Amino acid sequence: MTGSEITIAVTGARGLLGSEVVEAGRARGHTVIAWGRAELDVTNAEVCRSRIRSAAPDWVVHCAAYTAVDRAESEPDRAMRVNGEGTRNVARACAERGSRLLYVSSDYVFDGRAATPYTPSSAVGPRSSYGRSKLAGEVEAAALTDGRALIVRTGWLYGQHGPNFVDTMVRLASEGRAIRVVDDQVGRPTWAFNVASALIDLVERNEEGVHHVADSGTATWFDFASGIFRIRGLTPTLEGVSTEEWGAPAPRPAYSVLSLSSTEKVLGRSMQAWPEALNSYLSLQA
Ligand SMILES: NC(=O)c1ccc[n+]([C@@H]2O[C@H](COP(=O)([O-])OP(=O)(O)OC[C@H]3O[C@@H](n4cnc5c(N)ncnc54)[C@H](OP(=O)(O)O)[C@@H]3O)[C@@H](O)[C@H]2O)c1
C-alpha cells in the first residue's frame, strides 16, 4: 500500500500515542478519522460496530486503553473490560467490516525476568493486572481476525500529548525538589512520535503478526532521568532507589527490553537511539 492513500481510524485518538498517530498519518497524506472516547467508547460493542461500519476504514489503529497501571491492581475488572472486552468489540467490528486492525500492546505482557531482549515470539507471562488485560486484548485481536491482526508492543513512552516521565522530571527539578528514581528496572525510553511513525510504516506495508517497536538503547529510570537533566542543564539532587523501596502497587517488569531486530528488518531502518530522540523531544519543548 506504500505510496497510496489509506483511510485510517484511530481509537483513543486524544491520548499520548493516539494523538501522535493521528498527526503521523495525516503528515503522510492518509485520511485519518480520530475517535476519542466521546466518539467511540470501546466498551460499547454497538457503537464500535456502527462507527466502523459507516466509516469503513482500511485500518483501525486501536490506541484506546485503560492505562492506569497501579489503579488496575484494585480494579482489574475495569481494566479487563476496556483492554480485553473493548479490544474484542473493536476487533469484531473490524472483522465484520473487512478493516485491518492494529492493536497497540505493551511490554507488560512479559514477566520481566529475562536477561536478553524479548522477541515477538518470547513466552508471555504478565505479572500485573494491567499486563493481563493487555494480553487479553492481544488474544482477542488475533482470534477475531484469524491471526491477521497487527499487534505492536511498545513501552516506556513519553510525548507531548499526555503526562509523562520526562515532563515530570523537568517540572520537579525546576521546582528545586530532591528526586528519587527507580534504578533497578531496565527498558527502552521511547518517544511516542517515533512509535507513531513506525506504526504508519507498518500499516503502509500491510504487515500482520506481532512486532516490537521502541527507540533503541537501554536505560534504567535513573539513567533516563540523568539524561533528561544533562540535556536540560538541570542539577537536582537525584537519588536511585530500588523497586522495593519505591513500593508501587503494581509489579513492574525488572527487564523490559523488547527486541527490535525483526521489526527493523521489515522497516528497513534502525529505530532512533533513545538519547537522540530525547534530545529532539526536549528541543521541541524548549
Ligand atoms: N504510555 C506507555 O508507556 C505505554 C507503554 C506500552 C504500551 N502502551 C499502550 O499504548 C496505547 C496508548 O497508550 P497511551 O500511552 O497513549 O495512553 P493514554 O494517554 O492513557 O491514552 C489512552 C486513551 O484511551 C482512552 N480511553 C480509555 N478508556 C476508553 C474507552 N473505554 N473507550 C475509548 N477510549 C478510551 C483514554 O481516554 P480518557 O483520557 O478519556 O480516559 C485515552 O485518551 C495503549 O494501548 C497502551 O496500553 C503505552
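What you are looking at is a predicted structure, and each value in this text was computed from that prediction instead of being measured. As the structure lists them, so they are numbered: ligands from 1, and atoms in each ligand from 1.
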Nearest-contact summary for atom 16 (O) of ligand 1 - protein heavy atom, Å: L17 N, 2.8 Å

Atom of Y130, atom of A72 and distance for their closest heavy-atom approach: N-CB, 3.9 Å

Atoms in ligand 1 flagged as close to A64, the criterion being non-hydrogen separation under 4.0 Å: 24 (O), 33 (C), 34 (N), 35 (C)

Residues E264 and R269 bridged, charged N to O under 4.0 Å: no

Ligand 1 atoms in contact with S106 (distance to a heavy atom under 4.0 Å): 6 (C), 7 (C)

Close N or O approach (D41, ligand 1; < 3.5 Å): yes

S105 touching ligand 1 at heavy-atom level, < 4.0 angstrom: yes

Parallel, tilted or perpendicular: rings of F165 and W221 (30°, 60°): tilted

Pick from W156, Y130, Y158: the one approaching atom 8 (N) of ligand 1 most closely through a non-hydrogen atom: Y130

Residue, atom name and distance, where the atom is the protein heavy atom closest to atom 3 (O) of ligand 1: L157 N, 2.9 Å

Verdict with reasoning, L157 to N164, per side-chain contact (heavy atoms from CB on, under 4.5 Å): CA-CA 7 Å; L157 299 185; N164 65 82; over 6 Å; no

Salt bridge E140-R92, side-chain N to carboxylate O under 4.0 Å: no

F110 and Y118 aromatic ring geometry - parallel, tilted or perpendicular at 30°/60° bounds: parallel

Min N/O separation L16 to ligand 1 under 3.5 Å: yes

Centroid separation Y158 to F224 less than 6.0 Å: yes

Winner among H62, R37, K134 once heavy atoms are compared against atom 29 (C) of ligand 1: R37

Heavy atom of protein inside 4.0 Å of atom 39 (O) of ligand 1, strictly below: no

Option set T11, V21, L40, L258, criterion heavy-atom distance to atom 33 (C) of ligand 1, minimum: L40

Residues R205 and E207 bridged, charged N to O under 4.0 Å: no

Nearest protein heavy atom with distance in Å, relative to atom 32 (N) of ligand 1: V42 N, 3.0 Å

Carboxylate-amine/guanidinium contact E75 R71, below 4.0 Å: yes

Sub-4.0 Å heavy-atom approach of C63 to ligand 1: yes

Identity and separation of the nearest protein heavy atom to atom 42 (C) of ligand 1: G15 CA, 4.1 Å

Protein contact to atom 9 (C) of ligand 1 [nearest heavy atom, distance to 0.1 Å]: V104 CG1, 3.8 Å

Stepwise side-chain hydrogen bond (donor to acceptor under 3.5 Å, both in side chains) check, N83 with S133: CA-CA 5 Å; N83 296 345; S133 71; 2.9 Å; yes

Reference residue S197; test side-chain hydrogen bond (donor to acceptor under 3.5 Å, both in side chains); the match among E20, Q272, R28: R28

Shortest protein heavy-atom distance from atom 5 (C) of ligand 1, along with the residue and atom involved: G155 CA, 3.5 Å

Closest protein heavy atom to atom 6 (C) of ligand 1, given as residue, atom name and distance to 0.1 Å: T154 O, 3.1 Å

Heteroatom proximity flag, T67 to ligand 1, N/O under 3.5 Å: yes

From N279 atom CG to I231 atom CD1, the distance as rounded to the nearest 0.5 Å: 4.5 Å

A38, S256, A13, A65: member with heavy atom nearest to atom 24 (O) of ligand 1: A65

